[in-house]
Amino acid sequence: MSGSTPGLSRRGFLGTSLLFVGGVALNACTSDPTGSDSGSGDAKITLNHWYHEYGEQGTREAAMRYAADYTKANPDVAVKVTWVPGDYKTKWQSSVLTPDGPDIYEINEVTPDMVQQQQVTPLDDIIGSTKSELNEHALGALTHSGKTYGVPMIIDVMYLYYRKSLLSGASIQPPTTLTDLVAASKALTKGKTKGIFVGNDGIAGMRGVLAFSVGQQYLDGRKAVYASPEIADALTVARQLFTNNSMLLNYTTEWYQPDALISGATAISWGGMWALPALQKQIPGDFGLIPWPKHGANGKPVVILGGWSQVVNGKSKNIDAAKKYVQWLWLQNADVQKDWALSYGFHVPPRASTAASATPLQSGEAKTAVEILNQYGIRNTALWAPSVQKPYDDAVSDIIKKNADATATLTKAQQQSQQALDALPQV
């Protein structure tokens, strides 16, 4: 369900708005993502709550139930749950430009433009003491100048999965360095099985981890810093996965689905925590998971985290009421948080105490996944905006696929990223 990977899970479009008045759901089917006015009954305030397309069975009903429960406890507040069809990002971006936009909506990260244009409002007052329990990297994608503009709903984590039988059959241990990963992938490439799958383009699963795996960052505040000798070397070594015929390319499904690992088309695969239930069902006992391996003298293993967060529209006419609803949903109500993260998909609740008390995360591969997240999880800050990231992504593609000079290509890209950073609003 990570926002950085379109087409993941919870993806069924319903195009329906539901208004809760006194705990009763009033249907308003429509193709308009803002829904239709079902009337507010005796409620003094109506909150419009947008969700993007979730496809797992039960999510729509869960969102409706949460809203109804809140209205039962707070009869003065009606909540209209809106399922947004089509291109969610484009629709929320256009909707928040109008006075009739959603009061509460989902995002993956808060960009400086969103702050400048009052598409979000600070939520530090409702986060309060719970901040110490929330993953710092999840909050980093929502924070500017010390102010936090969103509350994480779920944490998605990306790992390397491997088939135990294929590795043991080749007398190979799970790799702990990038060099080991290259060697293992080559040795595991036999017959119809490729050594590794990181995405059909051969890049997707690598581009976001390589700087972190050498112990460095992509950004240092508002400064792009990824054109380093160590990151250039990591990209050069990673290119071997592309050139030594060990990488699975153009598979029938993408990396965020575990099909390639389950079918044996690959021995090692980049994937998300959401894939655990399918792997446990299809190849029980025959898979493990590890972080992306370290590279170089100062390197460290890494897993990338992502996920959805909720924000309050800074132009809402009901900011205080919207804040209280978000606080109730995602900070105070542990049952809701566990239900949303684990009953319809497989994700980590953002509050540490909530995750620790979630039974499905207390044993087996799930426990290992959470332990790896807590030890090695990381994410870029909110300044890693699309305009800043694109030069880097293009550089990685040129280095991996076209054998471009790593140092020169990264240096040029870093200059372009810096220009994009400088163009972002100071907020």
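Atom set for the values below is all heavy atoms of this structure, side chains included, hydrogens, waters and symmetry mates excluded. Values in this document were obtained by computation on a predicted structure and should not be read as measured data.
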In the structure I gave you, are the side-chain heavy atoms of [X] and [Y] within less than 4.5 Å of one another anywhere?
| X | Y | answer |
| --- | --- | --- |
| L305 | D156 | no |
| T121 | N313 | no |
| N74 | Y325 | no |
| I304 | I378 | yes |
| L178 | K294 | no |
| L329 | Y70 | no |
| H144 | V110 | yes |
| F346 | P360 | yes |

Hey, can you pull the donor-acceptor pairs under 3.5 Å for the side chains in residues 416-427, sequence neighbours left out?
unit_1 : atom_1 : unit_2 : atom_2 : d
S417   : OG     : Y226   : OH     : 2.7
S417   : OG     : V388   : O      : 2.7
S417   : OG     : A413   : O      : 3.4
Q418   : OE1    : A224   : N      : 2.8
Q418   : NE2    : R222   : O      : 3.0
Q418   : NE2    : D422   : OD1    : 3.0

### Task
Applying salt bridge (Lys or Arg N to Asp or Glu O under 4.0 Å), run through K131 and E136 and close with a yes or a no.
CA-CA 8 Å; K131 185 173 183 178; E136 62 176 315; over 6 Å; no
To the closest 0.5 Å, what do you measure between [atom1] ([X]) and [atom2] ([Y])?
| X | Y | atom1 | atom2 | result |
| --- | --- | --- | --- | --- |
| W328 | N333 | CH2 | CG | 5.0 Å |
| Q173 | I290 | CD | CD1 | 11.0 Å |
| L261 | I268 | CG | CD1 | 9.5 Å |
| S357 | Q362 | OG | CD | 7.5 Å |
| I104 | N48 | CD1 | CG | 8.0 Å |
| T111 | L142 | OG1 | CG | 11.0 Å |

Keeping the roles fixed (side chain from [X], backbone from [Y]), state whether a donor-acceptor pair exists under 3.5 Å.
| X | Y | result |
| --- | --- | --- |
| W330 | V336 | no |
| D339 | D335 | no |
| D259 | T253 | no |
| D220 | K223 | no |
| Y161 | G272 | yes |
| S269 | T266 | no |
| E106 | S309 | no |
| N200 | Y251 | yes |
| Q310 | M153 | no |
| S343 | W340 | no |

### Query
What do you reckon, are the aromatic ring centroids of W308 and H52 less than 6.0 Å apart?
yes
### Query
Looking at W255 versus F197, is the centre-to-centre ring distance below 6.0 Å?
no
#### Entry: Minimum-distance pair of heavy atoms, taken over all atoms of K91 and V84
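Shortest heavy-atom contact: CD-CG1, 3.8 Å.
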### Task
Evaluate the salt bridge (Lys or Arg N to Asp or Glu O under 4.0 Å) criterion for residues D125 and K323: first the C-alpha distance (whole Å), next the side-chain angles of each, then the deciding distance (0.1 Å), finally the verdict.
CA-CA 9 Å; D125 54 338; K323 283 184 175 183; 3.2 Å; yes
### Message
For the NZ atom on K324, are there more than 12 heavy atoms of other groups (residues, nucleotides or ligands in this structure) within a distance under 6.0 Å?
### Response
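No, NZ of K324 has 12 or fewer neighbouring heavy atoms, counting only those of other groups under 6.0 Å.
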### Query
Under 6.0 Å from the CG atom of N298, do we count more than 12 heavy atoms belonging to anything else shown?
no
### Query
For K338 and T359, what are the C-alpha separation, side-chain angles and deciding distance, and is it a side chain to side chain contact (heavy atoms under 4.5 Å, CB included)?
CA-CA 9 Å; K338 286 188 279 191; T359 301; over 6 Å; no
For residues 201-212, which side-chain N or O atoms pair as donor and acceptor with protein atoms under 3.5 Å away, sequence neighbours left out?
unit_1 : atom_1 : unit_2 : atom_2 : d
D201   : OD1    : I203   : N      : 2.9
D201   : OD1    : A204   : N      : 3.0

### Query
Between T59 and Y51, does a side-chain hydrogen bond (donor to acceptor under 3.5 Å, both in side chains) hold up when you go through it step by step?
CA-CA 10 Å; T59 49; Y51 289 83; over 6 Å; no
### Task
Any chance you could lay out the salt bridge (Lys or Arg N to Asp or Glu O under 4.0 Å) test for D286 and R163, step after step, and finish with the verdict?
CA-CA 6 Å; D286 191 24; R163 289 291 296 265; 2.8 Å; yes
### Task
Taking atom types as modelled, find out whether D113 and Q117 have a side-chain donor-acceptor pair closer than 3.5 angstrom.
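No donor-acceptor contact under 3.5 Å links the two side chains.
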### Task
Could you please spell out the steps behind the side-chain hydrogen bond (donor to acceptor under 3.5 Å, both in side chains) verdict for H49 and D103?
CA-CA 6 Å; H49 186 182; D103 298 286; over 6 Å; no
### Task
Evaluate the side-chain hydrogen bond (donor to acceptor under 3.5 Å, both in side chains) criterion for residues D180 and T177: first the C-alpha distance (whole Å), next the side-chain angles of each, then the deciding distance (0.1 Å), finally the verdict.
CA-CA 5 Å; D180 290 343; T177 70; 3.1 Å; yes
### Message
Run the salt bridge (Lys or Arg N to Asp or Glu O under 4.0 Å) test on D69 and R65 for me, step by step, so that the C-alpha distance in whole Å, both residues' side-chain angles and the decisive distance to 0.1 Å come before the verdict.
### Response
CA-CA 6 Å; D69 288 346; R65 185 171 66 252; 5.1 Å; no
